[in-house]
Amino acid sequence: MADKAKQLKHIAFIMDGNGRWAKKRLMPREYGHKVGAETFRKIVEYCRELEVEAVTVYAFSTENWKRPENEVKAIMSLFNQYLDFAIKEMMEKDIRIIFLGNKSVFPPELRERMEKTENDSKNNKYILNIGINYGGRDEIVNAVNECIKDGITTITEDDISARLYTKDSPMPDLIVRTGGEYRISNFLMWQSAYSELYFTDILWPDLSPKDVDDAVNAFKNRNRRYGGV
Ligand code: IPE
Ligand code: IPE
Ligand code: MG
């Protein structure tokens with residue numbers, strides 16, 4: 001398994017289905033996010049065992065602010081708790097954390113903790129990108145604005161790629177969406193041009209390492225042509 005997975009450099013997850021998972025148990029949506037956060041830790045650990053170079057997770061989108069205040073608060077509080085232990089765990093596992101998205105919307109104290117986590121882990125080998133206040137369109141617009149600031153007058157694809165939030169990762173080979181929706185929901189709009197897509201009805205809190213194996217095996221059977229023959 002580990003050998004096969006080595007050809008997979010970057011795997012990305014749209015972690016969807018927390019709310020429905022909780023609803024099925026007659027619990028508040030917030031409970032689904034809590035269990036979903038545990039699943040996130042487990043899956044990151046498993047991907048690290050597989051020695052995947054880069055893992056990206058979609059935790060909170062630029063559109064998710066539309067949710068009820070209580071739910072947004074609960075997600076931000078889980079994120080804060082995660083930051084409490086993330087750095088220790090990441091240093092032990094040689095993982096570099098990068099937050100994808102515009103951080104300026106967060107309170108200064110949280111932003112500083114995010115930046116410190118990124119900075120403290122910056123020399124680690126494996127990458128964990130966490131999309132929080134992330135939107136693919138926002139990312140492209142931000143990259144274009146960076147190009148303008150850099151005085152570029154005729155923008156190339158490379159100019160944009162070099163200014164994406166994910167600039168330190170290879171393009172995602174495989175994007176997995178849980179929760180039974182068959183859409184991208186503003187995730188990695190630029191980077192997904194030639195990603196293999198894998199959709200499963202499994203709700204995120206239920207996702208197991210075995211399910212990751214299934215996705216990776218499906219990926220192995222895909223024939224990537226990149227427009228060639
Ligand atoms: C994904 O689960 C987590 C976030 C978007 C923050 P959802 O909260 O979207 O769960 P469903 O799709 O409503 O079940
Ligand atoms: C996508 O899930 C965003 C994250 C998983 C963070 P959503 O639940 O927000 O997507 P839609 O609304 O079903 O498209
Ligand atoms: Mg959802």
Side-chain angles (χ1 to χ4, degrees), residues 10-44 46-47 54-83 86 97-107 110 114 117 127-142 164-166 169 172 174-193 195-208 211-212 215:
H10 183 177
I11 182 166
F13 295 94
I14 301 177
M15 308 189 289
D16 196 23
N18 292 348
R20 280 163 287 162
W21 185 92
K23 198 176 166 201
K24 269 173 53 184
R25 285 160 181 78
L26 308 177
M27 295 293 280
R29 295 179 56 85
E30 287 75 7
Y31 181 63
H33 295 309
K34 184 171 180 283
V35 178
E38 288 162 18
T39 302
F40 152 73
R41 288 176 66 186
K42 264 189 274 180
I43 296 299
V44 167
Y46 185 61
C47 291
V55 175
T56 298
V57 296
Y58 201 7
F60 193 86
S61 75
T62 46
E63 287 73 36
N64 288 148
W65 298 104
K66 285 185 223 161
R67 295 186 177 203
E69 199 187 321
N70 274 353
E71 182 172 346
V72 172
K73 261 197 178 158
I75 294 170
M76 290 305 150
S77 148
L78 285 165
F79 178 51
N80 257 292
Q81 285 171 35
Y82 174 69
L83 284 177
I97 294 198
I98 298 170
F99 297 104
L100 313 178
N102 179 354
K103 294 187 189 74
S104 71
V105 299
F106 297 115
L110 175 58
M114 291 165 76
T117 303
I127 290 179
L128 171 60
N129 294 307
I130 301 178
I132 185 130
N133 187 35
Y134 174 84
R137 289 180 175 178
D138 167 72
E139 180 180 38
I140 294 168
V141 169
N142 181 67
L164 296 173
Y165 298 132
T166 60
S169 305
L174 173 63
I175 298 179
V176 175
R177 181 170 189 150
T178 61
E181 309 290 357
Y182 304 136
R183 55 176 171 259
I184 288 292
S185 301
N186 203 12
F187 188 50
L188 305 180
M189 299 296 289
W190 178 276
Q191 301 87 329
S192 61
S195 301
E196 295 298 325
L197 307 179
Y198 181 89
F199 297 96
T200 170
D201 291 341
I202 298 167
L203 301 173
W204 175 261
D206 286 331
L207 197 81
S208 69
D211 302 319
V212 175

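Predicted model only: the values in this text are computed from it and were never measured. Atoms within each ligand, like the ligands themselves, are counted from 1 in listed order.
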Quick one: do Asn64 and Ser61 satisfy side-chain hydrogen bond (donor to acceptor under 3.5 Å, both in side chains)? Show the steps, please.
CA-CA 5 Å; Asn64 288 148; Ser61 75; 3.1 Å; yes
Residue [X] vicinity, atoms of ligand 2 by number, heavy atom under 4.0 Å:
X      : result
Phe60  : 6 (C)
Arg183 : 11 (P), 13 (O), 14 (O)
Ile14  : 5 (C)

Which pair of heavy atoms, one from Gly19 and one from Arg29, lies closest together, and at what distance?
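Distance-wise, the nearest heavy atoms are CA-NH1, 3.5 Å.
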For Leu207 and Thr39, work out which heavy atoms get closest and say how close.
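Nearest heavy atoms, Leu207 then Thr39: O-CG2, 3.5 Å.
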Report the relative orientation of the aromatic rings in Phe187 and Tyr58; use parallel for angles under 30°, tilted for 30 to 60°, perpendicular for over 60°.
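Geometry flag for Tyr58 against Phe187: parallel rings.
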Can you pull out the closest protein heavy atom to [atom]? Residue, atom name and distance to 0.1 Å, please.
atom                    : value
atom 1 (C) of ligand 1  : Met15 O, 2.9 Å
atom 10 (O) of ligand 1 : Gly19 N, 2.9 Å
atom 14 (O) of ligand 2 : Ser185 OG, 2.6 Å
atom 9 (O) of ligand 2  : Asn64 ND2, 2.9 Å

Taking Trp21 for its side chain and Gly32 for its backbone only, find out whether a donor-acceptor pair lies under 3.5 Å.
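Not a single qualifying donor-acceptor pair exists.
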Check whether Arg177 reaches the backbone of Asp16 with its side chain - one donor and one acceptor, N or O, closer than 3.5 Å.
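No: the side chain of Arg177 does not pair with the backbone of Asp16.
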4.0 Å heavy-atom contact, [X] with ligand 1:
X     : answer
Ala59 : yes
Gly17 : yes
His33 : yes

Is there a side-chain contact between [X] and [Y], using heavy atoms and a 4.5 Å cut-off?
X      : Y      : value
Leu188 : Ser195 : no
Ile184 : Met189 : yes
Leu197 : Tyr182 : no

Report the name of the N/O/S atom of Asp16 located nearest to the Mg ion (ligand 3).
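Atom name of the closest N, O or S in Asp16: OD1.
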Protein non-hydrogen atoms only, distance under 4.0 Å: does atom 12 (O) of ligand 2 have such a neighbour?
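Within 4.0 Å: no protein heavy atom nearby.
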Counting only heavy atoms not in Tyr82 (residues, nucleotides, ligands), do more than 12 fall under 6.0 Å from its OH?
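Atom OH in Tyr82 is crowded, with more than 12 foreign heavy atoms closer than 6.0 Å.
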As an exercise, identify every atom of ligand 1 less than 4.0 angstrom from a heavy atom of Ile75.
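Going through ligand 1 atom by atom, the ones under 4.0 Å from Ile75 are 6 (C).
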Show the atoms of ligand 1 that are less than 4.0 angstrom away from any heavy atom in Arg20.
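Going through ligand 1 atom by atom, the ones under 4.0 Å from Arg20 are 11 (P), 12 (O), 14 (O).
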Candidate list Phe60, Phe99, Phe40, test ring pair (Phe, Tyr, Trp, His ring centres under 6.0 Å), partner Phe79, passing option
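Of Phe60, Phe99, Phe40, ring pair (Phe, Tyr, Trp, His ring centres under 6.0 Å) with Phe79 is met by Phe99 alone.
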Do ligand 2 and Tyr58 have nitrogen or oxygen atoms that lie under 3.5 Å from each other?
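No, there is no polar N/O contact under 3.5 Å.
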Quick one: does Arg177 get within less than 4.0 Å of ligand 2, heavy atoms only?
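Arg177 counts as a contact of ligand 2 under the 4.0 Å cut-off.
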Looking at ligand 2, is there an atom of it that comes within less than 4.0 Å of some heavy atom belonging to Arg67?
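Checking ligand 2 against Arg67, which is what was asked, there is a heavy-atom contact under 4.0 Å.
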What part of Glu181, side chain from CB on, backbone N/CA/C/O, both or neither, has a heavy atom under 4.0 Å from ligand 1?
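For Glu181, no heavy atom sits under 4.0 Å from ligand 1.
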Is Glu181 close enough that one of its N/O/S atoms sits under 2.8 Å from the Mg ion (ligand 3)?
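Under 2.8 Å: Glu181 has no N, O or S contact with the Mg ion (ligand 3).
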Please step through side-chain hydrogen bond (donor to acceptor under 3.5 Å, both in side chains) for the pair Thr200 and Asp211, ending with a clear verdict.
CA-CA 9 Å; Thr200 170; Asp211 302 319; over 6 Å; no
